[in-house]
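See structure below.
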Amino acid sequence: MARPLVAEINLAALRHNYQLALSQSATASALAVVKADAYGHGAVKVALNLADLAPAFAVASIEEAEALVAAGITQPITLLEGFFDASELPIIFARSYQPLIHSQWQLDELTNYLAKHKLPAASLNVWLKVDTGMHRLGFPLEQAAHAYKQLNSLTAINLITLTSHFACADDLTNQATPKQLEQLKSLQQQLNCPISIANSPATLGWPAAQEGYLRPGIMLYGASPFAAGHNLGDQLKTVMTLKSQLISVRDLPAGESVGYGARFTTKKPTKIGVVACGYGDGYPRQAKDGTPLLVNGIKCHLAGRVSMDMLMVDLTNNPSAQVGDEVILWGENLSVNEVAGYCDTISYTLLTCLLPRVKRQYINDLTQVKE
Ligand SMILES: Cc1ncc(COP(=O)(O)O)c(C=O)c1O
């Protein structure tokens, strides 16, 4: 018998979530963000299972794009950080990857490259990133029109999509979002080109931003981008269920401590279970006592510090629990958002930090379906 920890990934739920994103787009254009190994879900499986729905994908690097192409993905792929070095330009042109151009140094490298290499006219679509307030990547608003003109003057460049990223779209009352949107739209009117700005929270919660290419990420994986309940966020279906088993159960009298640093001490006679899952799998070590887990479907609570390969659970709520019982760390009936809240983090980190030693087990996988 193998170590029982697996991440079960429901690809039918992924497709449902993608379709929910798509249904928010007036133009039915939503590229699927599959960077960071599709937020820990396996980029190749995810992309192949969205291949008949998504018109395009977005990743963070050429390496991530190359893995998709090697698996047979033929849709356009956007590189969300553009290129890191001019040496990447030959492959970008060869594969028609669509780089974001976010800085003057990239624009200069691209211009130099095209001065030295004769490439067919209108052979590459690019995205021009504009800083509308996030202050991470992008040309300052007042320089964006000039950057656009420089890009547009390069004959090898075809379509230029104006893009920006929201800093606060998950807060539905934050007025920074309409301000960012207004800035991008006024630039769009001036330059008359397509735009892309909506991440998951904007796709679900800011109708005015549902224009051009939507760029949903986290929502595809079934985690609501909102801290509170939300009509659309609550329609997302869980994609990843991280599950393991109890590998040991013991009864402790009151006053005994559990795990490293003796952080948890029993207040009464307590049944303690050991689960095969730890920080060496990506489960957060900062999880607090009381972090929920489902033992045979019953909510129980973390007891003591998470170890590298194991964690301990207080079985007070499930006194009949025994070795071999299923434990859900997050997923079906236990939202990753709820668990993240006990770990002072967000769903994004729990999902993307799940390590490769956790076997991904795919269900409803279109790539496995035989005719
Ligand atoms: C530029 C860009 N667009 C879209 C996304 C997707 O965001 P989310 O996962 O919140 O939908 C990200 C994620 O970090 C991003 O960096």
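Counting convention: from 1, in listed order, for ligands and their atoms alike. Reckoned from all heavy atoms, side chains included, excluding hydrogens, waters and symmetry mates.
Within the structure, ring-ring contact (aromatic ring centres under 6.0 Å, His included) pairs that include any residue of residues 229-267 comprise Phe226-His230 (at least two apart or interchain). Sorted by first and then second residue, the pairs that involve residues 2-19 and meet salt bridge (Lys or Arg N to Asp or Glu O under 4.0 Å), not counting sequence neighbours, are Arg3-Asp281, Glu8-Lys243, Arg15-Asp52. The salt bridge (Lys or Arg N to Asp or Glu O under 4.0 Å) contacts involving residues 175-191 comprise Lys185-Glu211, where partners must be two or more places apart or lie in separate chains.
Contact of the Leu172 side chain with the Asn174 side chain is not registered, since no non-hydrogen atoms from C-beta on lie closer than 4.5 Å.
Residues with a heavy atom under 4.0 Å from ligand 1: Lys35, Tyr39, Lys129, Arg136, His165, Asn199, Ser200, Pro201, Arg215, Pro216, Gly217, Ile218, Tyr348.
Ring geometry, Tyr39 versus Tyr348: the interplanar angle falls from 30° to 60°, so the pair is classed tilted.
Distance alone, capped at 3.5 Å, is enough to place a donor-acceptor pair between the Trp206 side chain and the Ala169 backbone.
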